[in-house]
Amino acid sequence: MEKFLRHQGQVVPLNRANIDTDTIMPKQYLKCINKYGYGDWVFDNWRYLDPGDVNIPTSKRRTNPEFELNSAKYKGATLLLAQKNFGCGSSREHAVWGLRDYGIKVIICPEFPDIFHNNCFANGLLAIELKQEEVDHMFYLAESDNGLMATIDLNTQQVQMNHKTIKFKIDESLRQNLLNGYDNISVTLQQSEKIKAFEHRYFKHRPWLNVDLG
Amino acid sequence: MTNSLFDKIWDSHCVDTNRSGRSVLYIDRHIIHEVTSAQAFEGLRMAQRMPWRKGSILATPDHQVPTTGREQGINAIHDPIARLQVTTLDENCSEYGILKFGLEDNRQGIVHVVGPEQGATLPGMTIVCGDSHTSTHGAFAALAQGIGTSEVEHVLATQCLSQKKPQSMRIQIDDELPQGSTAKDLILYIIGQLGMAGANGHVIEYAGKAIRQLSMEGRMTVCNMSIEMGARAGLVAFDETTETYLRGRPFAPQGPLLQQALEHWQTLHSDKDAIFDQDIRLSARDVAPHVTWGTSPDQVVPITGRVPDPEALSDTVQQAEYQRAQKYMGLSTGTPLIGIPIDRVFVGSCTNGRIEDIRSVANLLAGKTIAANIKEAIVVPGSGLVKAQAEQEGLHTIIKAAGVEWRAPGCSMCNAMNPDHLEPEERCASTSNRNFEGRQGQGGRTHLVSPVMAAAAAIAGHLVDARTVSEV
């Protein structure tokens, strides 16, 4: 996985709570079996006025001028700011692949639901939880005429803005994985011997589980 | 001993915990379906890894599966991209020797219906599936978590999850559910109380008299929707109801192994003095049939209620959400839920696609006909075996006689990935689990209800209190 050390970018504010993964990546795009190429479909129902599907080129669909991601002001933004519970609902990782492929590097929100949070880190996206008042302050700046540029430093765990720095805290294992670009599976496989020993003990005590289905 | 049920399952599966508190958690059962597994197998292949324990895996296609024309097998799926996803699951399972109930198999169905009915879901297990409603299996005192595709690959490769121990929450439901209210009404009520993010980071244990009195089907309905409050999992302690359900299931232990298993299973409850990070107590006494009015499962009221007033909320973010939901749903403040006209009715899903659900629907529909304004009402059994059981009981005859379609098993209109979906602005009484914008089709409007409430809406042609329909 790509390393994440520091990132500077513009903030796009989505001032809504409980934005679910059905909204981030609608169902019709989940039939694809590839892991990339979802960027044009992220927030599909909000972003376009015409209905979409895998075979309909997004260039032929009218965009919704009222949606934040379509505003010239937020063009090229790489930091997404949202209200509480962004990414709730379905476990579809396609939602994170869409955000990643669109170019989002960091998502900031007061509280993430667990599955989405895990999916972000598995794909090198940094999901940062800040206090509600800090998020509200960032909304105020991002929605102002000048917009908001911010630098995220994963090493010092700081959001740096003009005249203000906010501290954040990331789970230390996840932070190390991102800083070093470790792949989660390789990290766990370093424990292979322990897992095997565990299995041995475990099945001895629970022989009814030592059954192969296939 | 002062351990919670969650502590017991967690501790017995914890392989290792590192200095920052992250654990390697051993996984007993891995259930897979077509939508969230293809990329995981591809990742496995690219890294030249093999599944750690292929015998722990059960696969079945459910999301893309059509509910008509199933005699055509794979050709019943007309969309070539969706078809490729299902054949990719077939190929992956063949390549690695994984047990799969394919389209032609009578045992095919929704992952969360198939696991329990096969006895592949057992008490004390850790279970994962690339699907958020994996929480369903918690009804069996199993720690069942929904995961993303990267984690599916992780479990394939390592038989473990890497995670921090979630916090614990007990939701104790005292008293008995009133006549005419169901497990679905109970969980909708709970979600209304806690909110969409009320259980983020927590594993919920449901306890109390009202839970103990539920059948396994009812408990699965409750655990299923734990994720709608953000919970990592939902749990119900093991008891005789669990044991009775499991006896004789194909993959459940038998004979001396069953005796040994039972000894362990009987410990699968929270100890008397167990401590929970959050302890919530509610009563089932006043839980009326519930119905959602908005675009998230916590926007819910009793059927006798009205669309709430956003202005009455103090939180401005929530106010905006309510306004947005009203607009999307085409409803305004103060509108009574009873009387809202319905276009389509959907009975099915991992929440309410089990035999008990279908029995309750047939019971209400018996001798009646659906209203003229209903464009389509469908009953989609959760699995081939549920379908066969219902047909053996003659339920399909009653259902069809009422003008309701009897379909083949799958997720169907719950997430509308197959051809069953709503057109823009169509309104649906649905027994599924999510009423998000566009969930059942772009622009579609979903009202979540229990099976009996969905059947009642089909008869009345509008949302109605099912308790009054049998008297009509």
Side-chain angles (χ1 to χ4, degrees), chain A residues 15-18 20 22-23 26-28 30-35 45 51 54-55 83-85 88-94 96 111-116 118-119 122-123 171-174 176 183-189 191-192 194-195 197-199 202 205-209 211-214, chain B residues 15-16 18 20 22 24 26 28 35-36 38-39 54-58 64 79 81-82 84-85 88 97-99 120 130-132 146-151 153-154 157-160 162 164 196-197 200-201 230 232 251 253 257 260-261 264 296 317-318 321 415-417 434 436-439 442:
Chain A
N15 206 346
R16 268 162 242 165
N18 300 318
D20 57 78
D22 274 81
T23 293
K27 61 194 186 319
Q28 64 268 35
L30 272 56
K31 60 191 170 197
C32 302
I33 57 168
N34 39 327
K35 204 170 174 173
N45 290 340
V54 174
N55 292 328
Q83 292 291 1
K84 187 175 165 177
N85 213 24
C88 61
S90 161
S91 62
R92 56 187 72 173
E93 201 161 309
H94 312 67
V96 170
E111 183 183 327
F112 285 102
D114 301 275
I115 304 177
F116 181 81
N118 292 344
N119 287 345
N123 290 281
D171 171 275
E172 189 52 25
S173 304
L174 295 177
Q176 289 301 331
D183 140 45
N184 290 335
I185 297 177
S186 305
V187 173
T188 304
L189 283 176
Q191 312 261 29
S192 288
K194 273 193 185 168
I195 300 170
F198 173 90
E199 259 181 338
Y202 182 74
H205 292 297
R206 300 191 184 170
W208 67 91
L209 292 177
V211 173
D212 279 350
L213 299 180
Chain B
V15 175
D16 189 55
N18 74 10
S20 71
R22 220 175 163 75
V24 174
Y26 189 76
D28 293 306
V35 178
T36 57
Q39 292 89 342
K54 70 178 177 68
S56 70
I57 311 171
L58 172 62
Q64 304 285 8
D79 180 339
I81 305 173
L84 177 64
Q85 192 168 56
T88 302
I98 291 166
L99 175 67
D131 190 283
S132 62
I147 55 177
T149 297
S150 293
E151 286 181 310
E153 184 183 340
H154 190 281
T158 69
Q159 205 59 35
C160 294
S162 160
K164 261 199 159 147
M196 283 277 284
N200 273 355
R232 207 65 195 82
F251 294 112
L257 276 180
Q260 217 175 339
H264 171 62
S296 68
V317 174
Q318 205 185 0
E321 261 186 89
N415 49 15
M417 291 183 70
R434 288 187 177 132
F436 296 155
E437 285 184 23
R439 171 80 178 180
Q442 198 181 10

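All values below come from the heavy atoms of this structure, side chains included, with hydrogens, waters and symmetry mates left out. Lettering of chains follows the sequences in order, A, B, ..., and the numbering in each one begins at 1.
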For Asp183(A), is it the side chain, the backbone, both, or neither that has a heavy atom closer than 4.5 Å to a heavy atom of chain B? side chain
With only heavy atoms counted, which part of Val211(A) is less than 4.5 Å from chain B, the side chain, the backbone, both or neither? backbone
With respect to chain B, which residue among Arg92(A), Arg16(A), Glu199(A), Glu111(A) yields the maximal number of heavy-atom pairs within a distance under 4.5 Å? Glu199(A)
Looking at chain B, which one of Gln83(A), Lys194(A), Arg206(A) has the largest number of heavy-atom pairs inside 4.5 Å, strictly under? Arg206(A)
Are Leu30(A) and Met417(B) close enough that some pair of their side-chain heavy atoms sits under 4.5 Å apart? yes
So for Lys84(A), is it side chain, backbone, both, or neither that comes closer than 4.5 Å to the heavy atoms of chain B? side chain
Name the region of Asn118(A), side chain, backbone, both or neither, that has any atom closer than 4.5 Å to a heavy atom of chain B. side chain
Given a strict heavy-atom distance threshold of 4.5 Å, which part of Glu153(B) is in contact with chain A: side chain, backbone, both, or neither? both
Inter-residue atom distance Ile57(B).CD1 - Leu213(A).CG, 0.5 Å rounding: 9.0 Å
For the residue pair Asn184(A) and Ser162(B), confirm or rule out a side-chain donor-acceptor distance under 3.5 Å. no
I need the residue from Ser296(B), Gly97(B), Ala261(B), Cys160(B) with the largest number of non-hydrogen atom pairs under 4.5 Å to chain A. Ala261(B)
Walk me through whether Asn18(B) and Glu172(A) qualify under side chain to side chain contact (heavy atoms under 4.5 Å, CB included). CA-CA 10 Å; Asn18(B) 74 10; Glu172(A) 189 52 25; over 6 Å; no
Could you go through the side-chain hydrogen bond (donor to acceptor under 3.5 Å, both in side chains) check for Thr23(A) and Glu437(B) one step at a time? CA-CA 7 Å; Thr23(A) 293; Glu437(B) 285 184 23; 5.2 Å; no
To the nearest 0.5 Å, atom CG of Asp20(A) lies from atom CZ of Phe436(B) at 4.0 Å
Please report the interatomic distance CE(Met196(B)) to CG(Asn18(A)), rounded to the nearest 0.5 Å. 4.0 Å
Looking at Asp171(A) and Ser20(B), what are the two nearest heavy atoms and their distance? OD2-O, 4.3 Å
Taking the side chain as every heavy atom from C-beta outward, state whether Ser90(A) and Arg434(B) have any pair of such atoms under 4.5 Å apart. yes
Heavy-atom distance under 4.5 Å to chain B: side chain of Gln28(A), backbone, both or neither? neither
Rounded distance (nearest 0.5 Å) linking atom CD of Glu93(A) with atom CD of Gln39(B): 8.5 Å
Report the distance from atom CD1 of Ile115(A) to atom CD of Glu151(B), rounding to the nearest 0.5 Å. 8.0 Å
Nearest non-hydrogen partners of Pro51(A) and Gln442(B), listed with the distance: CB-OE1, 3.2 Å
Taking it one step at a time, do Gln191(A) and Val15(B) satisfy side chain to side chain contact (heavy atoms under 4.5 Å, CB included)? CA-CA 9 Å; Gln191(A) 312 261 29; Val15(B) 175; 5.6 Å; no
Side chains of Phe198(A) and Asp16(B): does their closest heavy-atom pair fall under 4.5 Å? no
Less than 4.5 Å apart, any side-chain heavy atom of Pro207(A) and any of Gln260(B)? yes
Looking at every heavy atom in both Ile185(A) and Ala157(B), which two are closest together, and how far apart are they? CG2-CB, 3.7 Å
Just so I understand: if I count every heavy-atom pair under 4.5 Å between each of Cys88(A), Gly89(A), Pro26(A) and chain B, which residue has the most? Gly89(A)
Out of Ala197(B), Pro253(B), Gly230(B), return the one with the most heavy atom pairs under 4.5 angstrom to chain A. Ala197(B)
Heavy atoms only, distances under 4.5 angstrom: which of Gly438(B), Gly148(B), Ala38(B) has the most pairs with chain A? Name it, please. Gly148(B)
Out of Thr149(B), Thr36(B), Ile98(B), Leu58(B), which one racks up the most heavy-atom pairs below 4.5 Å with chain A? Thr149(B)
Among Val35(B), Asn200(B), Leu99(B), Thr88(B), who wins on heavy-atom pairs under 4.5 Å with chain A? Asn200(B)
Enter the distance from Asn55(A):CG to Asp79(B):CG here, rounded to the nearest 0.5 Å. 7.0 Å
Relative to chain B, which segment of Phe112(A) carries a heavy atom at a distance below 4.5 Å: side chain, backbone, both, or neither? backbone
Where is the tightest heavy-atom contact between Arg22(B) and Ser173(A), given as atom of each residue plus distance? CD-CB, 3.3 Å
